Amino acid sequence: MQFSEEVKATLWNLIDEMSLNLSKFTMNPGKDFTRKKKWDFPTLIKFIISMESQSLKNELHKYFGYTTECPTNASFNQRRAQIKSDAFKYLFEAFTNQYNNNPSLFKGY
């Protein structure tokens, strides 16, 4: 496995682990992300992380493969509002902690 694939797998695994404890990362614990919809917690976080600089509509179509099953902008905004901003802080810190003590770094970088 290449290093880039390992990094991506680490990030996706951390997101999946976060989805096992949604009460820490949602605005209304026990209510948000309980129903099965197109936007489950891991899909939403992965989508947000993978967004580039296009419009939201274009990003949605690209991520969901230009199908008619693509969620709407409104559904994205409603689901995004259910996630605490601390979720992204937690993900960032957990992810960087995975690679902080990497001995193959050059002069600490």
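The structure displayed is predicted, hence computed values, not measured ones.
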Quick check for you: to the nearest 0.5 Å, what is the distance between [X] atom [atom1] and [Y] atom [atom2]?
X: His61; Y: Gln54; atom1: NE2; atom2: CD; answer: 11.0 Å
X: Asn73; Y: Glu59; atom1: CG; atom2: CD; answer: 11.0 Å
X: Leu22; Y: Asn28; atom1: CG; atom2: CG; answer: 12.5 Å

Quiz item: In this structure, are over 12 heavy atoms from other groups packed under 6.0 Å from Lys84 atom NZ?
Solution: yes
Exercise. Verify the neighbour count for atom CD of Glu5: are there more than 12 heavy atoms of other residues, nucleotides or ligands below 6.0 Å?
Key: yes
Would [X] end up clustered with [Y] when hydrophobic side chains under 4.5 Å apart are linked, directly or stepwise?
X: Ile83; Y: Trp12; value: yes
X: Phe88; Y: Phe95; value: yes
X: Leu11; Y: Phe3; value: yes
X: Ile48; Y: Phe41; value: yes
X: Ile49; Y: Leu14; value: yes

Quiz prompt | Student check: side-chain heavy atoms of Leu44 and Gln82 closer than 4.5 Å | solution = no
Quiz item: Would a 4.5 Å heavy-atom cut-off, applied to side chains only, mark Leu60 and Thr72 as touching?
Solution: no
Quiz item: Relative to the ring of Phe64, is the ring of Phe47 parallel (under 30°), tilted (30 to 60°) or perpendicular (over 60°)?
Solution: tilted
Quiz item: Stepwise, does the side-chain hydrogen bond (donor to acceptor under 3.5 Å, both in side chains) test hold for Ser23 with Asn21?
Solution: CA-CA 6 Å; Ser23 61; Asn21 191 7; 3.2 Å; yes
Exercise. Give the C-alpha distance, both sets of side-chain angles, the deciding distance and a yes or no for side-chain contact (heavy atoms from CB on, under 4.5 Å) between Gln78 and Trp39.
Key: CA-CA 10 Å; Gln78 289 169 4; Trp39 288 118; over 6 Å; no
Practice problem: Say whether Asp32 and Thr34, considering side chains only, have a donor N or O and an acceptor N or O under 3.5 Å apart. | Solution: no
Quiz prompt | Under 3.5 Å donor-acceptor, Lys38 side chain and Thr43 backbone | solution = no
Practice problem: Report the C-alpha distance between Lys24 and Asp86 in whole Å, list the side-chain angles of each, state the deciding distance to 0.1 Å, and finish with yes or no for side-chain contact (heavy atoms from CB on, under 4.5 Å). | Solution: CA-CA 9 Å; Lys24 286 177 58 176; Asp86 290 345; over 6 Å; no
Quiz item: Under 4.0 Å between a Lys/Arg side-chain N and an Asp/Glu carboxylate O for Lys46 and Asp16?
Solution: yes
Exercise. Applying side-chain contact (heavy atoms from CB on, under 4.5 Å), run through Tyr63 and Met51 and close with a yes or a no.
Key: CA-CA 9 Å; Tyr63 190 82; Met51 287 178 70; over 6 Å; no
